[in-house]
Asks: 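This structure is in structure tokens; I'll ask about it shortly.
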Amino acid sequence: MPDVIAYGGDWNPEQWPEETWEQDVALMREAGVNRVSAGIFSWSMLEPVEAVFEFGWFDRVMDLLAANGIQANLATPTASPPPWFADAYPEALPVDADGRRLSHGSRQGFCPSSPIYREKALRIAEQVATRYREHPALAMWHVHNEYGCHNARCFCDTSAAAFRAWLRTHYASLDALNDAWGTAFWSQRYSDWAQILPPRATPSFPNPGQQLDFRRFSSDALVELYTSERDLLRKITPDVPVTTNLMAGAHWDMDCWAFAAELDVVSTDHYLIGARSEPHIDLAFAADYARSLNGGRPWLLMEHSTSAVNWQPRNLAKAPGELRRNSLQHLARGADGIMFFQWRASRAGAEKWHSAMLPHAGPDTKIFREVVALGAELAGLAEVAGSTVKADVAILLDHSSVWAQDHPAQPTSDLDPVEEAKRWHAALWRVGVTCDLAHPEGDLTGYRLVLVPALYLVSDAGAANLEGFVRRGGVALVGPYSGIVDEHDRVRLGGYPGAWRDLLGVSVEEFFPLDGPIRLESGATASVWSEVAHVNGAKVLDTYVTGEPAWTRNEQGDGAAHYLTTRLDDDALAEVMAAVCAEAGAKPAAQAAPGVEVVRRSHADGRSFLFAINHTEEDAVVTTPAGQKVTVPAGDARVIPG
Ligand code: GAL
């Protein structure tokens with residue numbers, strides 16, 4: 001990673017006449033841009049006809065960057081195969097669950113398991129890499145773009161064969177597969193591997209094990225596509241870091257933990273969702289997730305927007321100052337690069353209504369002025385680069401669990417595991433307690449408090465990991481409908497939650513999903529979920545009005561595990577969170593009024609920066625742990641050294 005904050009965005013000069021390029025780089029310099037992502041969607045210009053390559057124009061792009069001291073995240077343009085590809089190899093186009101083969105005409109028009117796609121993708125990647133291997137502008141490889149954004153699961157015959165091969169390597173025998181998928185139910189027992197299909201449209205609910213494994217297979221297929229390009233790039237340029245931009249916290253089709261393990265540095269994209277009431281808290285979740293995926297090391301924000309996007313029902317423009325606050329949020333949460341989609345707003349094409357660093361109206365605009373100001377501010381914050389964020393709290397998050405709970409036949413459709421994770425994260429955000437995300441089987445050493453908001457599926461190893469954390473002195477808070485099934489989505493028997501009955505000192509005999517709010521004995525309100533639990537050693541801290549346990553605490557080894565048998569409303573959840581944070585000794589980064597975000601980044605040598613970002617319309621005072629009081633004006637932010 002650089003010793004400055006990388007700043008810039010996707011540059012797509014092929015959309016513009018060459019005369020524009022000089023103006024582009026001049027304005028980039030004015031804005032303090034030191035990094036662009038280039039070539040992402042250039043395949044049809046670099047290889048206009050199969051095996052005919054035209055690099056002259058792109059040489060000039062790269063040379064212009066180098067001449068202006070701007071580095072490139074150079075893309076392999078494999079996210080958007082040209083029309084000639086679909087024309088010559090229609091069998092490589094993706095097929096949806098209804099058996100509909102999609103046409104070219106947008107992007108990501110390929111089946112992830114297609115050998116012919118892979119061959120052509122590796123050929124253009126090799127061409128790009130060998131041509132620019134020694135180019136002075138080359139700083140990093142940007143492989144593909146947002147794997148699986150539009151084609152995460154393909155149901156074609158090629159995918160079916162690849163799925164069967166994947167299953168054979170994961171299950172030693174058909175008997176093992178039949179057992180894992182519970183195929184005795186509804187007469188689904190397989191007698192030949194050839195009978196197994198992707199979960200295509202079928203009269204009723206698909207088999208849950210089949211659906212779950214297909215999602216795992218589909219995610220693995222994308223990771224494999226990435227590693228095939230990465231390995232090629234590493235051979236050609238062993239010293240150039242390789243990444244691909246994830247969509248951490250927004251798209252759940254790819255297992256980000258698996259992807260992250262293969263990246264030299266995690267990079268991710270984040271877009272505010274206008275329909276959310278506090279989208280900046282969602283941003284904080286995504287940023288914390290990106291940092292966690294990179295093992296706590298600095299990561300790169302590859303894309304966000306300067307203002308409106310173009311793909312929501314109502315694309316809200318950012319208010320003055322919002323672009324800066326959003327960028328500083330990512331920086332505060334460990335990003336060493338703040339990049340945008342895209343540099344210059346497109347004149348034509350599907351994203352012409354997406355904001356950019358340089359709007360249609362040109363440089364004399366609110367957006368460009370904010371872009372220039374942010375560039376200067378980030379240059380002044382170069383010392384932040386390389387510092388890290390330490391969290392005392394972690395939320396367990398696993399894609400397999402999200403995928404399993406996505407099966408339509410659940411006790412209720414109102415309990416969304418991702419929204420629960422975000423809600424628990426938001427409860428901590430509101431009090432300034434920094435939080436990581438962790439894989440259930442990941443290393444929990446160093447955390448004081450581990451939260452398990454909704455981890456329906458957990459492996460034996462994951463279950464033992466949490467138990468070990470508590471026994472060694474940690475505090476855990478487990479939410480309802482967690483620890484319910486094994487890694488094949490089979491119920492853990494003998495009383496829920498089978499994975500953690502002993503840890504929690506609780507056994508649940510039946511779920512009672514709710515269709516309205518309820519009030520607990522303490523006065524706290526809850527909704528969506530309730531259950532009849534019997535304590536078996538745990539202390540009851542709150543009950544339903546019927547007297548049954550709603551909140552319990554069980555000491556185990558040197559630690560304690562709390563359990564909620566219902567979905568508490570935000571205020572009640574905040575109280576429980578305050579109690580478990582106090583018990584675990586998890587403290588806020590600073591004292592601040594509601595709506596003021598506080599996070600600390602620190603260097604190993606002790607230099608640190610407290611970021612205080614005021615998302616409210618009132619001036620606020622932030623009190624640092626050392627007692628320093630700093631006023632942060634409404635909508636403004638301060639980076640407080642020390
Ligand atoms: C991202 C994508 C970009 C652009 C952007 C628009 O998902 O990587 O190419 O489409 O969204 O918000």
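In each ligand, atom 1 is the first atom listed, and ligand 1 is the first ligand listed.
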Asks: Taking the six-membered ring of Trp21 as reference, does the NZ or CZ atom of Arg60 fall below 6.0 Å from its centre and within a 45° cone about the axis?
Replies: no
Asks: Can you list the ligand 1 atoms lying under 4.0 Å from a non-hydrogen atom of Phe41?
Replies: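 It comes down to these atoms of ligand 1: 9 (O).
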Asks: Which residue owns the protein heavy atom closest to atom 9 (O) of ligand 1, what's the atom, and how far is it?
Replies: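 Answer, as residue, atom name and distance: Arg107 NH1, 2.9 Å.
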Asks: Could you tell me, atom by atom, which parts of ligand 1 come under 4.0 Å of a heavy atom of His354?
Replies: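 Near His354, meaning under 4.0 Å from one of its heavy atoms, ligand 1 has 6 (C), 12 (O).
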Asks: Which bit of Glu303 is near ligand 1, meaning a heavy atom under 4.0 Å away: side chain, backbone, both or neither?
Replies: side chain
Asks: Which residue owns the protein heavy atom closest to atom 5 (C) of ligand 1, what's the atom, and how far is it?
Replies: Tyr271 OH, 3.5 Å
Asks: Once you round to the nearest 0.5 Å, how far does CH2 of Trp257 lie from OH of Tyr289?
Replies: 6.0 Å
Asks: Quick check: does Asp10 get an N/O under 3.5 Å from an N/O on ligand 1?
Replies: no
Asks: Are the aromatic rings of Phe58 and Phe55 close, with centres under 6.0 Å apart?
Replies: no
Asks: Output the list of atoms in ligand 1 that are nearer than 4.0 Å to some heavy atom of Trp311, sorted by atom number.
Replies: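 By the 4.0 Å cutoff, the relevant atoms are 6 (C), 12 (O).
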Asks: So is Gln342 touching ligand 1 or not, going by heavy atoms under 4.0 Å?
Replies: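 So Gln342 does not count as touching ligand 1.
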Asks: Checking contacts here: is it the side chain or the backbone of Asn310 that comes within 4.0 Å of ligand 1, counting heavy atoms only? Could be both or neither.
Replies: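 Contact part for Asn310 vs ligand 1: neither.
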Asks: Is the shortest side-chain heavy-atom distance between Leu358 and Asp24 below 4.5 Å?
Replies: yes
Asks: Between Asp63 and His135, do the side chains contain a donor N or O and an acceptor N or O under 3.5 Å apart?
Replies: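 Distance-only check passes for His135 and Asp63.
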Asks: Report the part of His150 in contact with ligand 1, treating N, CA, C, O as backbone and CB onward as side chain, heavy atoms under 4.0 Å; options are side chain, backbone, both, neither.
Replies: neither
Asks: With atoms numbered from 1 as shown, which atoms in ligand 1 lie under 4.0 angstrom from a non-hydrogen atom of Asp269?
Replies: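 Close to Asp269: 8 (O).
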Asks: Any donor-acceptor pair under 3.5 Å linking the side-chain atoms of Glu50 with those of Tyr89?
Replies: yes
Asks: Provide, to 0.1 Å, the distance between atom 4 (C) of ligand 1 and the closest protein heavy atom, together with that atom's residue and name.
Replies: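 Nearest neighbour among protein heavy atoms for atom 4 (C) of ligand 1, to 0.1 Å: Glu351 OE2, 3.3 Å.
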Asks: Just checking, is any N or O donor in the side chain of His425 or Asp288 under 3.5 Å from an acceptor N or O on the other one?
Replies: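 Asp288 and His425 do have a side-chain donor-acceptor pair below 3.5 Å.
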Asks: Can you sort out which atoms of ligand 1 are near Asn145, meaning under 4.0 Å from one of its heavy atoms?
Replies: 2 (C), 8 (O), 9 (O)
Asks: Salt bridge between Asp264 and Arg230, side-chain N to carboxylate O under 4.0 Å?
Replies: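 Here Asp264 does not pair with Arg230 in a salt bridge, since their nearest N and O are not under 4.0 Å apart.
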Asks: Judged by atom type as modelled, is there a donor-acceptor pair below 3.5 Å linking the side chain of Arg601 to the main-chain atoms of Leu331?
Replies: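 Such a contact is found between Arg601 side chain and Leu331 backbone.
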Asks: Suppose I only count heavy atoms of Glu146 and a 4.0 Å limit; which atoms of ligand 1 are within that range?
Replies: 1 (C), 2 (C), 7 (O), 8 (O)
